Amino acid sequence: MIREPMILRTIKMHDATYIEDRLLKDADVAELYCELHNTLACQYASMERFEDAEKIHKELLAIKDKFGNRLEKNDSLKAVTLNNLGYIQTKMGKHEEAVEYYQQCLDLHKSVHGKMHVLVADTMNNLAQTYFQQGQCNEAISMFEEAIEIYEEVYFGVLPPDVGGTVLNLAMCKIRTPGLDIKTVEPLYQKALDIRVNAVGRDHPTVSQTLTSFGSFLMRLEEYDRSMKMFTEALAISEAANGLENQETLKILENIALVYLIEKKLEEAHPYYKKAGDILHKQGRMDMSLPSLNKCMVDYYLNSGRHADAIDALLRIVGTHFATDRDYAALDFLIGELPVDQKPKIPEEHTVVAAIKQFPNSVMLLGRVMEAHCQTGDGEAMRDVLIAGNFDGSQFNQSYAQFMQNGKGEGGQHIIIAAAEKFPQDGIILENAAKCHAMHQRYPEAIALIKKAIDVNPDDLGVLELGGRLMAMGGELQDAQEITKKALEKATEQDQEELVTKLKNNLQLIENSIAEQNNS
């Protein structure tokens, strides 16, 4: 970041010295211009400012095309620019364009150096990786194999460690070849390991990386003992060379935990899993952790009653790209079981109230959110959650009932009123909404809803009895009398003596009110 302004100052000095006309005519001026701007473009690429880098490299390519052989080693310089453009296209996900640039680069290197040259092999390696990223494994395999042949020829068998990486890439390509027995790929992993050990010694980080790749391959073969030996050696090398908090070291720790997990040795997996997780969480890099490992370890902790370990793991998991609604709900439940002075403080964005915005249809989260909003009485927030998740009428009713049970009727009314609008054919919701309005002495609204409830369930004696009472309280005495008589007739037919007595009393009160109204 500090270097860019220095390069720009140098370029400005160069541009001030040489007018544009000389740049287009003087090969020496053009060569210096290309060198300076190439440095700037590479700096932009390292800063992931790929579009800026691409623009400069394309300009340099045009200049080199213009001058042709007047620039010293122009074809080699053009090849470098083409290679850089290929790299930039790859980083921007434009793989087809990258292949075109790499192919042009390869053709130039071959024309200048012949086939048996390290730059030809390097370009083949880049081209093969691009094919691999596109899923063109056959093309990638052919290109990797040819590059390795050239490396072995030009280095006389004493191969540098980077060639081990090429061999590993070839192995990964072959593993993805349909119908191939992957056991036949093992010699490539051994070859990559031998190359790197011979080049840099056994205790080098590149050897650790190769052992890790080899161990992961052996896991696919279900050779877990050999895989564990690879990972254990890789861990010792990486921790000594890179430190415990290094990304490669943490990856190996999780791989060891994963092997133990597969072997159902979860107690042995625990310390490796926890060590890696604690460091990744501290570094803010938990998204790099293995999702399957986290899920299985949390299941283990929950099923074995190790709630403290479950809370510890879930506190790390929530907020990651692989966190599920189960994770947020389980964490909320477990923390809710703790004494007040032991409850950990969690960020607002990791609460169930925030999580349900990410998982709006989660019934699991809904129950936890319902409990949270019941405690505060925030019925409007609960209503918005139910609507956003498109939950059914039973969930609206359940939420309203829980608010009422917790003495939060004021907040609960927002839920049941919204439910009545959303489910106009749900008799239970209409009845509850009518009661809610009546409780707040909003009788016209209560009567309108109870009439709808009667239309939905015309033979429901409870609804009819309630309708009569609400109409009477709202002053609609004639309608109240008619509905109550209807209910009384049905209750009598069904020999519901207690309800018959109640309805007779209600009817008497209504008729008394009508008489008083007529006499006034």
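It should be emphasised that the depicted structure is a prediction, and the values quoted were computed from it without experimental measurement.
With contacts defined as side-chain heavy-atom distances shorter than 4.5 Å, the pair L302/R326 qualifies. Side-chain atoms of V318 and I346, non-hydrogen and from C-beta on, never get closer than 4.5 Å to each other. For the pair N83/Y102, a side-chain contact is recorded, criterion being any heavy-atom separation below 4.5 Å from C-beta on. F144 places a side-chain heavy atom less than 4.5 Å from the side chain of Q129. By the 4.5 Å heavy-atom criterion applied to side chains, K274 and M297 are not counted as neighbours.
Side-chain contact check for T206 and R196: no donor-acceptor pair (N or O, by modelled atom type) lies under 3.5 Å. Judged by distance alone, the side chains of Y300 and E267 do bring a donor and an acceptor atom under 3.5 Å apart. Neither side chain, Q402 nor E371, offers a donor N or O lying under 3.5 Å from an acceptor on the other.
D287 contributes a side-chain N or O that, together with a main-chain N or O of H321, makes up a donor-acceptor pair within less than 3.5 Å. Under the 3.5 Å distance criterion, the side-chain polar atoms of T249 are left unmatched by any main-chain donor or acceptor of E245.
Ionic pairing of K174 and E145 is present here: one or more N-O contacts between side-chain nitrogen and carboxylate oxygen are shorter than 4.0 angstrom. The pair E239-K275 does not meet the salt-bridge criterion, since no charged nitrogen lies less than 4.0 angstrom from a carboxylate oxygen. The pair E97-K94 does not meet the salt-bridge criterion, since no charged nitrogen lies less than 4.0 angstrom from a carboxylate oxygen. The residues E51 and K55 are annotated as not salt-bridged, no charged nitrogen and carboxylate oxygen being separated by less than 4.0 angstrom.
Checked against a 6.0 Å centroid threshold, the rings of H270 and Y260 do not count as neighbours.
The cationic atom of R316 (NZ for Lys, CZ for Arg) lies less than 6.0 Å from the six-membered ring centre of Y273 and within 45° of the ring axis.
The aromatic rings of F214 and F217 sit tilted, their planes meeting at an angle between 30° and 60°.
A192 and T210 make their closest contact through C-CG2, 4.0 Å (heavy atoms, listed as atom of the first residue, atom of the second, distance).
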Can I get a per-line list of side-chain donor-acceptor pairs under 3.5 Å for residues 347-361, giving both atom names and the distance, sequence neighbours left out?
| residue | atom | partner | partner atom | Å |
| --- | --- | --- | --- | --- |
| T351 | OG1 | E348 | O | 2.7 |
| T351 | OG1 | A354 | N | 3.4 |
| N361 | ND2 | G389 | O | 2.9 |

